Number of protein chains: 2
Amino acid sequence: MIKLLLAEDQGMMRGALALLLGLEEDIEIVAQVGDGDEIVPKALETRPDVALLDIELPGRSGLDAAADLRARMPHCQVLILTTFGRPGYLRRAMEAGAAGFLVKDGPVEDLAAAIRRVLAGERVIDPALAAAALSAGPNPLTQRERDVLAAAVDGATVADIASKVHLSPATVRNYLSAAIGKTQTRNRMEAVRAARQNGWL
Amino acid sequence: MIKLLLAEDQGMMRGALALLLGLEEDIEIVAQVGDGDEIVPKALETRPDVALLDIELPGRSGLDAAADLRARMPHCQVLILTTFGRPGYLRRAMEAGAAGFLVKDGPVEDLAAAIRRVLAGERVIDPALAAAALSAGPNPLTQRERDVLAAAVDGATVADIASKVHLSPATVRNYLSAAIGKTQTRNRMEAVRAARQNGWL
DNA sequence: GGCCACCCGTGACATTTGTCCCGGGCCCGG
DNA sequence: CCGGGCCCGGGACAAATGTCACGGGTGGCC
């Protein structure tokens, strides 16, 4: 019996997957969570064999939780399930020690199979996605550039960003300019978009 | 037997819902589509009793398709299932003749129940959402303002927008200014965000 | 007909944004 | 110790953006 932890914020999706996977003969859902902060505690409590994690969650990101989980429960395999096949996400998932990476397109049937393969020690990754991740190269943005860019979502002005990140407005503009350059874009919005697109956050 | 059409772009979600609803004794899935443009043709072909539609789809929006469907197949009830409970979405769904409006949070169990209630002639709407929709008031944006704002997503410059909408750059700026004023925001990005948030697109 | 809302455009103006240059500090690897 | 990278700031400048006031055109409604 494979003990599974399921982390997914969308209630309907979570419920549907739980019901579905519960139908499999050899799978038992031992925990369901809708918040990133609950992943590790619940895992420590229920000792699952596989953790199926969404990335975008309230609280901690599924990627952060994955790294933690691998460190604290090495026997537990992590399988990332996400809406967006961003190259940077895949890269970060691998760095966090995930054993598999699935996107929410693609058929449900793959899911149970992926869980079994992951538990058997295999790696499960969409080949096309892997290629994209490699061709995209690593994240060119520096830590501060990421911070500033992240603070620039939803149209904050330079002053807003500066106070959010505790920097001088002049510095913020410099970082923004650098980020715009590195993302090969023409302005803040495009830079933010490109960075999110690639999973560079 | 309730004949159901299912329109949802995310493969895993669509598959899971289909399997799940297929388990219900009195429900039969007669069509599954992942593209907004296929909704009406498939419906005309398979004559479902209820259409379960996502809003954000490739091709036509589920809301557009809903209006069309109601006009061409009045006997077929429309149930909107969406990720975002935007007030404007609910309003537009009602105007399009939808009988119900569900968000993808909330338990799966509600789904089958909602389908039956809709078919029985009831209206199914989250009360909190209905209140939000009423308190938010109707869409204050004019047609052109919507066009310009929609063209302004992902950081297009004024020139880009102007050529996209076939207007003078000066005019575009005026519309943007008007939209910014009506949305009570401070710049393009915030205006876009606010408009999307409220379902004003 | 007059009112009103929306359409489209112009010109002028202050502000913001993006760029490039400069300074200094810190820390790590050769 | 001397780069080289990242951190943090400043100044100056061109370009883009947001605002306002102003033209004129259309169509609906009372």
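As a basis for the values below, the full set of heavy atoms in this structure was taken, side chains included, without hydrogen atoms, waters or symmetry mates. Just so it is clear, the model here is predicted, and its values are computed rather than measured.
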If you compare every side-chain N and O of A/R144 against the phosphate oxygens of D/dC6 (OP1, OP2), does one of them come in below 4.0 Å? no
Give the rounded distance in Å between these two atoms: CD1 of A/I180 and C1' of C/dC20. 14 Å
Can you tell me if B/R146 uses its side chain to pair, donor with acceptor, with the backbone of B/L141 under 3.5 Å? yes
Does a distance-only test, which skips hydrogens and angles, find a donor-acceptor pair under 3.5 Å between the side chain of A/N174 and the base of D/dC7? no
What nucleotide among C/dG9, D/dC8, C/dC7 has an atom nearest to a side-chain atom of B/L167? C/dG9
How many Å lie between CG on B/N187 and P on C/dT17, as a whole number? 7 Å
I need the A/I29 CD1 to A/R14 CZ distance, nearest 0.5 Å. 11.0 Å
Within this structure, what is the CD1-to-P distance between B/I161 and D/dT17, rounded to whole angstrom? 8 Å
For B/L176 and C/dC8, what is the distance between atoms CG and P respectively, to the nearest whole Å? 13 Å
Cationic tip of A/R86 above A/F84 ring, under 6.0 Å, 45° of axis: yes
How many whole angstroms separate atom CG of A/D147 from atom P of D/dC6? 14 Å
Over how many whole Å does the gap from A/Y175 atom OH to C/dT19 atom P extend? 16 Å
B/R188 side chain near D/dG18 phosphate (N/O to OP1/OP2, under 4.0 Å): yes
Look at A/R186 together with A/E190 and state whether they make a salt bridge at an N to O cut-off of under 4.0 Å. yes
Look at the side-chain N and O atoms of A/T171 and state whether any lies under 4.0 Å from the OP1 or OP2 oxygen of D/dG9. yes
Between CG on residue B/L63 and CG on residue B/D68, distance to nearest 0.5 Å: 12.5 Å
I need the CD-P distance between B/Q143 and D/dG27, as an integer number of Å. 17 Å
Take B/E145 and B/R173, find for each the nucleotide of DNA chain C with the closest heavy atom, and name the residue whose nucleotide sits nearer the 5' end. B/E145
Give the rounded distance in Å between these two atoms: CG of A/D160 and P of C/dT16. 11 Å
Give one of base, sugar-phosphate or nothing for A/T142, where a contact means two heavy atoms less than 4.0 Å apart. sugar-phosphate
For B/S168, report the nucleic acid contact type (base, sugar-phosphate, nothing); a contact means any heavy atom under 4.0 Å. sugar-phosphate
